[in-house]
Amino acid sequence: MASFPDFVNEDEIVRSRSLGELISPTSPFEQKYGRENWTVAFAPDGSYFAWSQGHRIVKLVPWSQCLKNFTAGSTKNSVNVPTGRLSRQNSDVAQRNNPQEHTIDCGDVVWSLAFGSSVPEKQSRCVNIEWHRFKFGQDQLLLATGLSNGRIKIWDVYTGKLLLNLMDHTEIVRDLTFAPDGSLILVSASRDKTLRVWDLKDDGNMMKVLRGHQHWVYCCAFSPDSSMLCSVGSGKAVVAAIWV
């Protein structure tokens with residue numbers, strides 16, 4: 001039987017407080033919305049909050065506006081987020097300066113989300129950089145979505161445009177994580193028992209396949225300095241890899 005140490009003061013335990021509730025739209029005839037919410041993520045700079053609405057839709061919300069609504073208490077502890085899509089006619093600059101709520105239809109059940117932002121000084125590991133299709137600037141903000149069909153879709157947060165479609169996993173993509181150093185190195189964990197490493201600055205080239213797990217892989221995370229990657233799954237071990 002588990003017990004608490006004598007020095008734990010119950011009065012000092014930090015307790016969570018509900019700020020509000022994000023409510024996804026529901027309709028008996030709309031199968032894209034209204035199921036369980038699977039996953040959530042914050043952008044590194046705090047500009048956006050994203051969550052999967054249980055099926056194929058991801059909602060992106062400017063977090064400062066959302067938090068303002070919560071703390072104002074004007075909606076009785078709930079925020080019913082509209083379903084309007086982002087206009088593709090707006091310029092990228094305008095969207096960065098005035099972020100808007102919008103939805104992304106990923107085409108399949110969304111299991112995992114991760115935001116990534118670029119640091120221009122971090123070059124791709126690919127030698128032929130002149131052949132890159134995408135040039136990521138300092139203000140680039142990406143959203144990676146891991147799907148039930150094994151695909152990973154990479155989106156431009158400000159425009160809602162699909163940039164890359166990564167298709168090497170054979171089972172559900174259970175977790176996604178970007179390296180914190182701004183290199184746009186993405187690692188995906190899947191039920192196919194592998195982790196895969198993608199270089200988004202090299203147009204999504206798959207750099208490595210990590211096969212240390214004997215069972216489904218559930219979660220992966222980088223150390224703060226991006227030097228180590230750890231992952232866990234349905235087995236009892238934590239698998240760590242030194243990043244070089």
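Keep in mind that the numbers below use all heavy atoms, side chains included, and drop hydrogens, waters and symmetry copies. Predicted model, so just to flag it, every value in this text is computed and none were measured.
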Would you say that [X] contacts [Y] through its side chain, given a criterion of any heavy-atom pair below 4.5 Å between the two side chains?
X    : Y    : result
T145 : I104 : no
P62  : E101 : yes
L200 : F178 : yes
D168 : W198 : yes
D199 : L184 : no
I185 : M207 : yes
L210 : V239 : no

Starting from the C-alpha separation in whole Å, work towards a yes-or-no answer on side chain to side chain contact (heavy atoms under 4.5 Å, CB included) for D45 and S117.
-> CA-CA 9 Å; D45 62 357; S117 57; over 6 Å; no

Work out which heavy atom in [X] is nearest to a heavy atom in [Y]; give both atom names and the distance.
X    : Y    : answer
V217 : V232 : CG1-O, 3.6 Å
L142 : L163 : CD2-CD1, 3.5 Å
C106 : L147 : O-CD1, 3.5 Å
V40  : W51  : CG1-CB, 3.4 Å
Q140 : D156 : NE2-OD2, 3.1 Å
D105 : W155 : O-CH2, 3.6 Å

Checking W63, Y48, F115 against F42 for ring pair (Phe, Tyr, Trp, His ring centres under 6.0 Å), the one that qualifies is W63

Got a donor-acceptor contact below 3.5 angstrom from the [X] side chain to the [Y] backbone?
X    : Y    : answer
H169 : A189 : no
S190 : I172 : yes
S234 : H215 : no

side-chain contact (heavy atoms from CB on, under 4.5 Å) partner of S148, chosen from V173, V110, D108 | D108

May I ask you to check whether over 12 heavy atoms, not counting those of K153, lie within 6.0 Å of atom NZ?
-> yes

Partner set under side chain to side chain contact (heavy atoms under 4.5 Å, CB included) for V209, not counting sequence neighbours | T194, R196, M206, R211

Within one Ile-Leu-Val-Met-Phe-Trp-Tyr cluster: L164 and L186, side-chain cutoff 4.5 Å | yes

To the closest 0.5 Å, what do you measure between [atom1] ([X]) and [atom2] ([Y])?
X    : Y    : atom1 : atom2 : value
L113 : T177 : CG    : OG1   : 12.5 Å
N149 : M167 : CG    : CE    : 10.0 Å
C220 : L195 : SG    : CG    : 5.5 Å
L143 : L162 : CG    : CG    : 11.0 Å

Under the ring pair (Phe, Tyr, Trp, His ring centres under 6.0 Å) rule, collect the residues that match up with Y218, sequence neighbours excluded.
-> none

